[in-house]
Amino acid sequence: MREEIVEICAEALRDQGHPEATAEGILRDAVLARAAAGLLRDCRPMPVVLDLIAELDAIAGSGARA
């Protein structure tokens with residue numbers, strides 16, 4: 001389920017003006033991770049989504065760039 005959620009986020013980000021967004025990029029790039037975590041927060045999530053938000057926050061906080 002986690003992988004599907006990341007793919008959904010990538011698709012949503014592409015639709016919102018981030019044409020470079022991929023599932024892999026979301027898990028590596030601080031800007032994309034921050035944007036994806038924001039999308040997930042908006043859906044008031046279940047535990048798997050909360051865990052993914054925490055992971056994306058860590059990536060975003062690291063400042064990593066793809």
*Considering all heavy atoms of both residues, which atom of Leu39 and which atom of Ala12 are nearest to each other, and what is their separation?*
CD1-CB, 3.8 Å
_Could you check whether atom CD of Glu7 has more than 12 heavy atoms from other residues, nucleotides or ligands sitting under 6.0 Å from it?_
no
*Taking only residues two or more places apart in sequence, or in another chain, which ones meet Ala21 in a side chain to side chain contact (heavy atoms under 4.5 Å, CB included)?*
Leu13, Arg14, His18, Leu32
*Drop me the distance from Ile26's CD1 to Ile5's CD1, to the nearest 0.5 angstrom.*
11.5 Å
*For Ala10 and Ala23, which heavy atoms make the closest approach, and how far apart are they?*
CB-N, 3.7 Å
*Over all atoms of both residues, closest heavy-atom pair of Ala33 and Ile59*: CB-CG2, 3.8 Å
*According to the salt bridge (charged side-chain N to carboxylate O under 4.0 Å, His left out) rule, which pairs have a member within residues 22-33, sequence neighbours left out?*
Asp29-Arg65
*Output all residues satisfying side-chain hydrogen bond (donor to acceptor under 3.5 Å, both in side chains) with Asp57, sequence neighbours left out; order by chain, then residue number.*
Arg41
*asked:* List the residues meeting side-chain hydrogen bond (donor to acceptor under 3.5 Å, both in side chains) with Glu55, not counting sequence neighbours, and say none if there are none.
replied: Arg2
*Option passing side chain to side chain contact (heavy atoms under 4.5 Å, CB included) with Leu40 (candidates Leu50, Leu56, Ile8, Val6)*: Leu56
